[in-house]
2 protein chains.
Amino acid sequence: MNFSSSEENYIKSIYHLQQSCELVNTNAVAATMHTRAASVTDMLKKLKRKKILQYERYKGFKLNEQGKKHALGIIRKHRLWEYFLVEKLGFAWDKIHPIAEELEHICSDELITKLNDYLGNPAFDPHGDPIPDQHGRIPNRKQLSLNILPLKQTVKVSAVGNQSTQMLEMLKHYHIGIGTQLSVTKRFSFDGSLEIKVLKFPNCIISASVAKNIFVHHDK
Amino acid sequence: MNFSSSEENYIKSIYHLQQSCELVNTNAVAATMHTRAASVTDMLKKLKRKKILQYERYKGFKLNEQGKKHALGIIRKHRLWEYFLVEKLGFAWDKIHPIAEELEHICSDELITKLNDYLGNPAFDPHGDPIPDQHGRIPNRKQLSLNILPLKQTVKVSAVGNQSTQMLEMLKHYHIGIGTQLSVTKRFSFDGSLEIKVLKFPNCIISASVAKNIFVHHDK
DNA sequence: AAATAAATTTAGACAAATCTAAAAAATATA
DNA sequence: TATATTTTTTAGATTTGTCTAAATTTATTT
């Protein structure tokens, strides 16, 4: 099946959104894609017709296996090109996204195979995001517990060890969720508690036992 | 000024056609682009509005200086990518054209500057065609068509005039590519066909119409 | 020069992707 | 529960790039 650049952008956006919630909603896609809800609805009908989306009107939607597979293909291309732009052409990592957005729609499987070989089959892109392999398998990252993270390194929350209501409630209060960017600004050796800085929020203190349950990884 | 991929394809087509005739005509563009004359007319109006084309209805048309400059920019991108595909990714030179057709529309000047540096500022692409520099200057190489080459002079193939799949397939069969060393051993005046000797291969016969499309140069 | 042929343009239609404004459905609130 | 709000969808318009078929202009032939 062939997809236009526009369709591919929607597929990618839906894929990313459904990583953090069971069903995706129209406004969320419209917001991330800087388009309007009506345009999203139009595209949903098209993607449903192409059988890569589970969708019933007013009920939310998500990619099916076919759709996820295609999304991973696009993400693979995007991240391989980002790797190329930084490692081979010498771009700064914060300049590459819009160029990779264009390159990811070039449709030649052989091109991607050869590019991947040429780059040495890299597992992570310059933002630290994993590059899916040709079958859509995603390498998983060395993640570490927040209580052993060195000071001042900016990291992203990748998982939470304890998912009790109490823990989740507290994390919500601290504005911490999967993907939240944060860094440790101080470590108190008295009790192992940490002062942390969550992006856009004032510093706060968390206990060692909470920190032990927050897993993070480097980069974006 | 920004141009869509479609507009760029027309610009490129018109540029190539006006290399061999003063004014370009609608049907010629339609034929090379596999589209219809009416579509060409529509686009001519648009390109005239964008002030890169001299055009009066029923009278033929050609790119003005602005238009030629833009055409050379697209050709530069196309040929740099072709060089990349062959020299870095290891593609066969007869497989790269459709991929470069897509890559040439990626619009980042910095990307092309960095790609050019990375490739070592090459002057000719893998088909032997000159790569315009960032100001649109085209490097020249004294080359001549094989059908007027004197007998027994050893030369190198520098370009191929007709890049159709059929032509490229035939050249492959004869073991002829860019850089191939060869000489003309006989010329039959009956039909203008030639016997040629390709380095390391047995002599073979090619027709005048094929020879006309093979351009060669002396030494390196 | 008139008739014929070829090239070019216009008129009108269509598909893709988007939009605005209004209607409909779902959700939240008083 | 009735009302208000938010979310989602529909209806209809717009832009870009394309097409066919018919009309127009130019070129070619008798």
Side-chain angles (χ1 to χ4, degrees), chain A residues 1-14 17-18 20-63 67 70-71 74 101-102 104-107, chain B residues 1-14 17-18 20-63 67 70-71 74 101-102 104-107:
Chain A
M1 179 95 63
N2 263 1
F3 296 95
S4 69
S5 291
S6 186
E7 288 170 329
E8 289 195 335
N9 286 333
Y10 279 95
I11 291 168
K12 205 173 37 144
S13 165
I14 295 167
L17 288 167
Q18 77 184 35
S20 50
C21 55
E22 181 55 28
L23 281 176
V24 184
N25 56 306
T26 308
N27 272 350
V29 174
T32 60
M33 295 190 66
H34 308 104
T35 180
R36 299 314 177 101
S39 309
V40 177
T41 303
D42 289 343
M43 186 55 83
L44 292 176
K45 289 178 193 163
K46 213 158 63 140
L47 296 180
K48 188 184 182 178
R49 238 183 296 129
K50 290 197 169 190
K51 294 187 199 302
I52 59 161
L53 195 75
Q54 284 172 41
Y55 166 54
E56 260 187 285
R57 45 191 227 136
Y58 295 107
K59 297 283 166 66
F61 46 90
K62 63 178 178 181
L63 296 172
H70 196 81
I74 304 162
E101 288 283 283
E102 293 190 64
E104 74 189 6
H105 302 297
I106 307 284
C107 55
Chain B
M1 179 93 64
N2 263 2
F3 295 96
S4 68
S5 291
S6 187
E7 288 169 330
E8 288 195 337
N9 287 332
Y10 279 95
I11 293 168
K12 207 174 35 144
S13 165
I14 295 167
L17 288 166
Q18 77 185 34
S20 50
C21 55
E22 181 54 27
L23 282 177
V24 183
N25 57 307
T26 308
N27 271 351
V29 174
T32 59
M33 295 191 64
H34 307 102
T35 182
R36 300 313 178 102
S39 309
V40 177
T41 303
D42 290 342
M43 186 55 83
L44 292 176
K45 289 178 192 163
K46 210 156 68 137
L47 296 180
K48 187 182 185 180
R49 239 182 297 129
K50 290 197 168 188
K51 297 187 197 303
I52 59 161
L53 195 74
Q54 285 172 39
Y55 166 54
E56 262 187 285
R57 43 194 225 134
Y58 296 107
K59 296 285 164 65
F61 47 89
K62 63 178 179 182
L63 296 173
H70 196 81
I74 304 163
E101 287 284 283
E102 293 190 63
E104 75 190 4
H105 302 297
I106 307 283
C107 53

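Proteins get letters first, then strands, A, B, ... in listed order; numbering begins at 1 in each.
Between A/Asn27 and D/dT7 there is a side-chain N or O to OP1 or OP2 distance below 4.0 Å.
In this structure, CZ on B/Phe61 lies 5.0 Å from CD1 on B/Ile14, to the nearest 0.5 angstrom.
A straight line from CG of A/Asn25 to C1' of C/dT27 spans 13 Å, rounded to a whole angstrom. Atoms CG (A/Asn9) and C1' (C/dT18) sit 14 Å apart, rounded to a whole Å. One can place CZ of B/Arg36 at 15 Å from P of D/dA22, the figure rounded to the nearest angstrom. Atom CG of A/Leu23 and atom P of D/dT8 are 11 Å apart (whole Å). Straight-line distance from the CE atom of A/Met43 to the P atom of D/dT8: 17 Å, rounded to whole Å.
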Which pairs of donor and acceptor atoms, one on a side chain in residues 49-59 of chain B, lie under 3.5 Å apart (sequence neighbours left out)?
{"from": "B/Lys50", "atom 1": "NZ", "to": "B/Asn2", "atom 2": "O", "distance (Å)": "3.0"}
{"from": "B/Lys50", "atom 1": "NZ", "to": "B/Glu7", "atom 2": "OE1", "distance (Å)": "3.2"}
{"from": "B/Lys50", "atom 1": "NZ", "to": "B/Glu7", "atom 2": "OE2", "distance (Å)": "3.2"}

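Shown here are the side chain to side chain donor-acceptor pair (under 3.5 Å) partners of A/Ser20, two or more places apart in sequence or in another chain: there are none. Under the salt bridge (charged side-chain N to carboxylate O under 4.0 Å, His left out) criterion, B/Lys62 pairs with B/Glu22, not counting sequence neighbours. Under the rule for a side chain to side chain contact (heavy atoms under 4.5 Å, CB included), the partners of B/Ser6 that lie at least two apart in sequence or sit in another chain are B/Ser4, B/Tyr10, B/Met43. Residues satisfying the ring-ring contact (aromatic ring centres under 6.0 Å, His included) test with B/His105, not counting sequence neighbours, are none.
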*Report, as a single string ordered 5' to 3', how protein heavy atoms within less than 4.0 Å touch nucleotides 9-16 of chain C: B base, S sugar-phosphate only, - not at all.*
BB-----S

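Contact annotation for B/Ser6: backbone-only contact, meaning every heavy-atom pair under 4.0 Å involves sugar-phosphate atoms and none involves a base.
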